[in-house]
Amino acid sequence: MHTTHWGGPGEDYRLKKISSVNIDVVSGISGPAPDDAAPVWQTPKARHSFPWFEVIMTTVGTIGLLSMVIFWLSPASSGVASLVKTTLLAAVPLLIVVSFILFIDRWEPEPWKTKVALFLWGAGVATLSSGILNTALKENIILSIGDLQQSNALGATFIAPLVEETLKGLGVLIVVVVRRTNINSLIDGVVYAGFSACGFMFAEDILYFIRVDNPEAGGVLLTFVLRGLFSPFVHAMATSMTGIGLALALLKFKRGWSKTGIVLVFWFFAMVIHFAWNGTSTFLFRYFFLLYAVIGVPAFIVWAVALIIMSRKEAEKIRVGLVPYVRTGWFIPGEVTMATDRRARRAALKWARSGGREAKRAMRSFLINLASLGMDQRLMAKNGPDPARIEADRQMLAEAVDNRREFLRLTSIAEQQQDVTDAVSRLAQAH
């Protein structure tokens, strides 16, 4: 019976030219026994473990931030002490907003390297580019109407929202395209948009504070109160609309025109929020506090409460999504509870701490991987399979198994060491 090797007839011809005798003579390698022959199998794909995308984004953002410090903030003219003071002041609203974003991101936290990259995008690329474009467009308005004060007001109200929301949202768009498997809920879009907005707010606050840093006039205190305490969430609220639109386009819509449409709608909402704040503080300043109390505060409360409710629902989605993994034996119910209950999660991390820092790190990674697997499973159960997510989930599943093996090994060693220590202490007390 004629047999054809895996390479086809051409491979048969080639193998006939290479006899086992020649192999033995040339290299001393003989053919394998039948049981030792290499099987036909699918070789694993290489994993791209090095975060090239985040490194590039971080580098570009850092260069932009340094450029802004050199050319826009002018620390030499304003003084290093002024730069340090205003940076510390800008850190206050930054901590407030970041704390809230991390709170809503607590169940299935996004990778820190991506969040930091987006923060630097907002602080460096978006802020510097916005400064250049806003200035150039404002100069055109000055040439057109010849009124500097009116040009500044028009630029802040109409140009700034368009330019700034576009550039902040552009960083989120890049993440959605390059790291789309990271996004499995609307909260993820809000988190990435929030970090881009935080970076922009931080750099812009420093710029504003330095401009009015005059101890005699007290302008920096007033600006800090208005920007840092009264409106720390304005940028995050506005850009979160773009993040929601991009997440909806990725997760809910199938057709290209519908994806584009939903992104444009929420991008418009982002500009409206920004426009409302700037317009009120520019043209309606005499009614600012009234409008702030009647419109601004209630709008913030609705936004914050809606995000908190969405965040709480993630725990239930994770729990439902992990059911197939429990049924097939990958995880046990107690591990699902650890990933979806705050008290159980804290207890798990505290227990893992007995095995040292590496054990705690492995436990934290294990819980994050469980949450991501649950969210992805829930998403694909509704929208159908996604080959890219399936491949990413296989890697996360393998990593979760490795994480479990690692923290069990380390905690077991720690328990054995503790048993030995206790036994030695008992012997010492007995003698």
Cation-aromatic face contact Arg179/Phe53, 6.0 Å, 45 degrees
no
Closer than 4.0 angstrom, basic N to acidic O: yes or no for Glu406 and Arg361?
no
Indicate whether any N or O donor in one side chain lies under 3.5 Å from an N or O acceptor in the other, for Ser185 and Glu108.
no
Under 30°, 30 to 60°, or over 60°: which ring-plane class applies to Phe289 and Phe230, parallel, tilted or perpendicular?
perpendicular
Report yes if the side chains of [X] and [Y] come closer than 4.5 Å at any heavy-atom pair, otherwise no.
{"X": "Leu397", "Y": "Leu373", "result": "yes"}
{"X": "Phe269", "Y": "Ile244", "result": "no"}
{"X": "Phe283", "Y": "Asn278", "result": "no"}
{"X": "Met380", "Y": "Ile390", "result": "yes"}

ring-ring contact (aromatic ring centres under 6.0 Å, His included) contacts in which one or both residues fall within residues 234-264, not counting sequence neighbours
Phe200-His235, His235-His274
Summary of ring-ring contact (aromatic ring centres under 6.0 Å, His included) pairs that have at least one residue in residues 374-397, sequence neighbours excluded:
none
Once side-chain hydrogen bond (donor to acceptor under 3.5 Å, both in side chains) is applied, do any residues pair with Asp341, and if so which ones, sequence neighbours excluded?
none
Between Lys115 (side chain only) and Glu110 (backbone N and O only), is there a donor and an acceptor less than 3.5 Å apart?
yes
So, the side chain of Arg404 versus the backbone of Val401: is there a donor-acceptor pair under 3.5 Å, distance only?
no
